[in-house]
Amino acid sequence: MTSFKQKVFAIVKKIPAGKTLSYGEVAKRTGNKKAARAVGAVLKTNYDPAIPCHRVIRSDGALGGYNRSIARKNNLLIKEGYKSSPTKHI
DNA sequence: CATTTGACGCCAA
DNA sequence: TTTGGCGCCAAAT
């Protein structure tokens, strides 16, 4: 368990319901604002249900990905009140 | 130990 | 506006 993972988990777990953070934002909080990719890599390798990784999306507004089905992530976000608008033109 | 991959982000054309 | 390419980081193989 690296401290980077610990930070990412702590940050993601602290995301309030109905809110979303971009990978870049999470990366910033870990200390490496350019580590957005690393954040995704960590979330992908971690299958802990305590981590609401579905609240972590891309800075473009795209959902990014999910452990099993992206549809599940989208569904959860909608349930929490987040309108997934894939407006690629930000 | 070194190399490759990837749930990203931003800039340029 | 859309598409392509480059840069950065950590984990997995």
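Keep in mind that the numbers below use all heavy atoms, side chains included, and drop hydrogens, waters and symmetry copies. Order of the sequence lines fixes the chain letters, A, B, ..., with proteins taken first and strands second; residue numbering starts at 1 for each chain.
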Within-4.5 Å side-chain heavy-atom neighbours: [X] and [Y]:
X     : Y     : result
A:L21 : A:V12 : no
A:K7  : A:R29 : no
A:K13 : A:I51 : yes

Does a nitrogen or oxygen in the side chain of [X] sit under 4.0 Å from OP1 or OP2 of [N]?
X     : N      : answer
A:S59 : B:dG9  : yes
A:R58 : B:dC8  : yes
A:T2  : C:dA11 : yes
A:N67 : B:dA7  : no

**OP:** Enumerate the residues from residues 38-51 of chain A whose closest heavy atom to DNA chain B is under 4.0 Å, giving them by residue number; use none for an empty result.
**Re:** A:A38, A:G40, A:L43, A:K44

Original post:
Would you write out the dot-bracket form of DNA chain C, 5' to 3', with Watson-Crick and G-U pairs under 3.5 Å, [ ] for crossing pairs, | for pairs to other strands and . for unpaired bases?
Top reply: .||||||.|||||

**OP:** May I have the distance from A:L63 (atom CG) to B:dG9 (atom P), rounded to whole angstrom?
**Re:** 12 Å

**OP:** State the CG-OH distance between A:L43 and A:Y66, to the nearest 0.5 angstrom.
**Re:** 10.0 Å

Subject >> Residue pair A:A35 / A:F4: nearest heavy atoms and the distance that separates them >> reply: CB-CZ, 4.1 Å

Of the listed nucleotides [options], the one nearest the side chain of [X]:
X     : options               : result
A:A36 : B:dC8, B:dA7, C:dA11  : B:dC8
A:F4  : B:dG9, C:dA10, C:dG7  : C:dA10
A:K5  : C:dG7, B:dC10, C:dA12 : C:dA12

Original post:
Is the side chain of A:D60 donor-acceptor paired with the backbone N or O of A:A62 at a distance under 3.5 Å, no angle test?
Top reply: no

**OP:** Kindly determine whether A:N46 and A:F9 satisfy side-chain contact (heavy atoms from CB on, under 4.5 Å), including the steps that lead there.
**Re:** CA-CA 9 Å; A:N46 184 80; A:F9 298 146; 3.3 Å; yes

